[in-house]
Amino acid sequence: MQTDLPKQMNYKQALKFFNIGSYNTLYSFIKKGLKVTQIGGVRRIDQDDANEFLEAHKTQVSSKGAE
């Protein structure tokens, strides 16, 4: 867990958590199942949910063709 970010992250903080620079990429994560809490117009992503999302999308990548 990243301690420099709040447990309930806004989208800008989630970009930092995932180390991505594009909101479009974050939106694609959400479409693929990343959980978002919404209360009124406020949206937050829980760090635990973000870690679960990453774990659920781990795959074994072959080194073939990586040269």
So R43 and T37, do their side chains get closer than 4.5 Å, heavy atoms only? no
Output for pair (L34 CG, F18 CZ), nearest 0.5 Å, gives 4.5 Å
**OP:** Taking the side chain as every heavy atom from C-beta outward, state whether F53 and K32 have any atom pair closer than 4.5 Å.
**Re:** yes
| request: Using the side chain to side chain contact (heavy atoms under 4.5 Å, CB included) rule, take K12 and Y23 through it: C-alpha gap first, then chi angles, then the decisive distance, then the call. | output: CA-CA 8 Å; K12 184 175 181 179; Y23 283 97; 3.7 Å; yes
Scanning both residues in full, the closest heavy-atom pair of F17 with A50 reads CE2-CB, 3.3 Å
Report task. Please answer whether the main-chain N or O of P6 pairs with a side-chain N or O of Q13 as donor and acceptor at a distance below 3.5 Å. Result -> no
T25 meets the side-chain contact (heavy atoms from CB on, under 4.5 Å) criterion, sequence neighbours left out, with I20, S22, S28, F29
Between D4 and K16, is any pair of side-chain heavy atoms under 4.5 Å apart?
yes
*Starting from the C-alpha separation in whole Å, work towards a yes-or-no answer on side chain to side chain contact (heavy atoms under 4.5 Å, CB included) for N10 and V42.*
CA-CA 8 Å; N10 62 29; V42 177; over 6 Å; no
Heavy-atom nearest pair, L5 first then M9, reads CD1-SD, 4.1 Å
Taken in chain and number order and not counting sequence neighbours, the residues that satisfy side-chain contact (heavy atoms from CB on, under 4.5 Å) with D46 are K7, Q8, D48, D49
